[in-house]
Amino acid sequence: MRTRKKDIRPSLSTPLVGYGIMLLSLGCFLILLWVLTIVVRVVLG
């Protein structure tokens, strides 16, 4: 039982960390895109 719990924890935490990094990078990309559109509007407008 103890060895199973130790084996399960890394297998669960690794995909969660990867998913979190993916969400964070996606959020940063969307923010950069939003800032870029604002800059383009200011320059052109």
Side-chain angles (χ1 to χ4, degrees):
M1 293 294 282
R2 284 181 183 177
T3 52
R4 282 184 183 178
K5 282 183 179 178
K6 282 181 181 178
D7 288 339
I8 287 166
R9 277 183 181 179
S11 65
L12 283 172
S13 65
T14 307
L16 283 171
V17 168
Y19 188 67
I21 289 166
M22 193 179 75
L23 278 172
L24 200 71
S25 62
L26 190 71
C28 286
F29 176 74
L30 286 170
I31 289 164
L32 281 169
L33 201 70
W34 180 66
V35 168
L36 196 72
T37 52
I38 287 169
V39 168
V40 167
R41 280 183 182 181
V42 167
V43 169
L44 293 174

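These values consider heavy atoms only, across backbone and side chains, with no hydrogens, waters or symmetry-generated copies.
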Note, Leu30 side chain near Trp34 side chain (heavy atom, < 4.5 Å): no
Atom pair CG (Leu16) and CD1 (Ile21), whose distance is rounded to the nearest 0.5 Å: 11.0 Å
Connected via hydrophobic side-chain network under 4.5 Å: Ile38 and Val35: yes
In one Ile/Leu/Val/Met/Phe/Trp/Tyr side-chain cluster, 4.5 Å: Val39, Val42: yes
Separation of Leu33 CG from Phe29 CZ (nearest 0.5 Å): 5.0 Å
